[in-house]
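Written below as structure tokens is the structure these notes are about.
Throughout, a chain's letter reflects where its sequence line sits, starting with A, and its residues are numbered from 1. Below, each value reflects all heavy atoms present in this structure, side chains not excepted, and no hydrogens, waters or symmetry copies. If you're wondering where the values come from, they're calculated on a predicted model, not measured in any experiment.
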2 protein chains.
Amino acid sequence: MNARLVPVVSSFATKREDIGQERSPQDEDYTLERQVGHLLRRAHQRHAALFQERIGSAALTPMQWAALFSLVRHGPTTQNKLGRLTAMDPATTQGVVRRLVARGLVARSADPTDRRTRLLSATEGGRALVAATLPIARAISDATLAPLDEAERAIFLKLLSRMAFA
Amino acid sequence: MNARLVPVVSSFATKREDIGQERSPQDEDYTLERQVGHLLRRAHQRHAALFQERIGSAALTPMQWAALFSLVRHGPTTQNKLGRLTAMDPATTQGVVRRLVARGLVARSADPTDRRTRLLSATEGGRALVAATLPIARAISDATLAPLDEAERAIFLKLLSRMAFA
DNA sequence: TGGCGTTCATTCGTATACAAACGATCGCGC
DNA sequence: GCGCGATCGTTTGTATACGAATGAACGCCA
């Protein structure tokens, strides 16, 4: 039901040699390695790998953790609103919440003000899990930013924020 | 078989109001909006949306485009090597290549030096499609970086590169 | 040359991610 | 009070993404 807990962290990187830039004679100016999209994807991949490596014992995926955390932080919430808080569309949110409910980390209760919705809230176990893993989450953010020094991190986060929320 | 061509670009962002930071009284220092992982994910989401919006007429997904481009740039290549060039694991590469072959953009031929593999190469149509869409790809990278000025872009790309390849 | 560790491509299972369409409900305006 | 556009949650279909396991082929070394 969940991603492997503490996988081997293979990162599928074998045979390093063929990454070498064998650019055409006229030395093309467009390279995958220099495109923002490619770099964003790879940086995100690296973060996800670090996440799985360190929070595997809790058997939570990044999005499951984010949803559970948001629920704890914001209190009882509607499913679509939870999706907006974590930047997931409704269809994706559905699956993430379904798995959290199946694991007993989240509970649904009736919403007295709206018959279309059910209020989601973290269970006792869910709250405990967030409390226990929050330090790990901080460590993961640190590890992800490890390639940068303090000053660079501040700059990077500021610029990345603008890229994300533009 | 492919993602919708030129979708409505809804970006599933309705009801903007509930993003407002309603932080606890003690003003927590850990917020989703400030974590690298969350920001990387959202920036990548935004890039993907821009990609779909602009290259939709070609009905190519970002990874299909990257794979096809790499094939054109590097010449006949093995499937796993193509995966390494584009940072996809073998299982993912399988699906992307299968769809490109089904559309006649990529062809497989026997590899005289290795009976386990088949050499992949872009067809005439594949090469033409890359040539036609390369300008669009440049524009997408530009659009993604639009929130930053020239100086900031250089800094951001340098730092992001380190984050991606660390 | 025979064996064995490596690599290749594939398959299966699970988890995001999103478009589109759907039925139910809401709420606002008239 | 009714009507209609907006929102809620769900489902379906497609495309990444990756772990794990598999059978075939490779290549190197004793």
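- At a threshold of 4.0 angstrom between heavy atoms, the contacts of A:R98 with the nucleic acid are absent.
- The aromatic rings of B:H38 and A:F165 sit tilted relative to each other, their planes meeting at an angle between 30° and 60°.
- Each side-chain hydrogen bond (donor to acceptor under 3.5 Å, both in side chains) pair with one or both residues in residues 155-166 of chain B, not counting sequence neighbours, appears once here: A:E152-B:R162.
- Distances shorter than 4.0 Å separate none of the side-chain N or O atoms of A:R108 from OP1 or OP2 on D:dG9.
- No engagement by B:T93 is indicated, since no non-hydrogen atom pair under 4.0 Å with the nucleic acid exists.
- At D:dT16, none of the side-chain N or O atoms of B:Q94 fall inside 4.0 Å of OP1 or OP2 (strictly under the cut-off).
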For nucleotides 24-28 of chain D, tabulate all protein N/O to nucleotide N/O atom pairs closer than 3.5 Å, reporting atom names and distance.
unit_1: D:dC26; atom_1: OP1; unit_2: B:R115; atom_2: N; d: 2.8
unit_1: D:dC26; atom_1: OP2; unit_2: B:R115; atom_2: NH2; d: 3.2

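- Atom CZ in B:R118 sits roughly 12 Å away from atom C1' in C:dA9 (whole-Å rounding).
- Distance CG (A:L119) to P (D:dG9): 9 Å, rounded to an integer number of Å.
- The separation between A:L85 atom CG and D:dC8 atom C1' is 15 Å, rounded to whole Å.
- At least one donor-acceptor pair under 3.5 Å links the side chain of B:R46 to the backbone N or O of B:T144.
- The CG atom of B:L60 sits 12.0 Å away from atom CZ of B:R99, with the distance rounded to the nearest 0.5 Å.
- Separating the CG atom of B:D111 from the P atom of C:dA9 is a distance of 9 Å, rounded to the nearest angstrom.
- Of the inter-residue distances, the one linking A:T61 atom OG1 with A:Q52 atom CD reads 7.0 Å to the nearest 0.5 angstrom.
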For residues 134-141 of chain A, run the donor-acceptor check on the side chains, cut-off 3.5 Å, and write out each pair with its distance to 0.1 Å, sequence neighbours left out.
unit_1: A:R138; atom_1: NH1; unit_2: B:D29; atom_2: OD1; d: 3.4
unit_1: A:R138; atom_1: NH1; unit_2: B:D29; atom_2: OD2; d: 3.0
unit_1: A:S141; atom_1: OG; unit_2: B:Q35; atom_2: OE1; d: 2.7

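- Rounded to an integer number of Å, the gap from B:H44 NE2 to D:dT16 P is 11 Å.
- Taking CG of B:L68 as the start and CE of B:M63 as the end, the distance is 12.0 Å to the nearest 0.5 Å.
- In this structure, A:R41 reaches the D:dA17 phosphate: one of its side-chain N or O atoms is under 4.0 Å from OP1 or OP2.
- Atom CE of B:M88 and atom C1' of D:dG19 are 17 Å apart (whole Å).
- The phosphate of C:dT16 (OP1 or OP2) has a side-chain N or O of A:R99 nearer than 4.0 angstrom.
- At C:dC8, one or more side-chain N or O atoms of B:R84 fall inside 4.0 Å of OP1 or OP2 (strictly under the cut-off).
- For the pair B:T117 and A:T92, nearest-nucleotide mapping onto DNA chain C gives the more 5' position to B:T117.
- If you measure from atom CD of B:Q45 to atom C1' of C:dC18, you get 10 Å, rounded to the nearest angstrom.
- When the P atom of C:dA17 is taken as reference, atom CZ of B:R42 falls 12 Å away, rounded to whole Å.
- Minimum atom distance to the side chain of A:Q64 is reached by C:dT16, of the listed D:dA17, D:dT10, C:dT16.
- Ranking D:dA17, D:dT16, C:dT16 by closeness to the B:D89 side chain, first place goes to D:dA17.
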* Step-by-step side chain to side chain donor-acceptor pair (under 3.5 Å) determination, B:D111 to B:T113 -> CA-CA 5 Å; B:D111 183 341; B:T113 74; 2.9 Å; yes
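- Looking at which nucleotide of DNA chain C each of A:A91 and A:P62 is closest to, the 5′-most match is held by A:P62.
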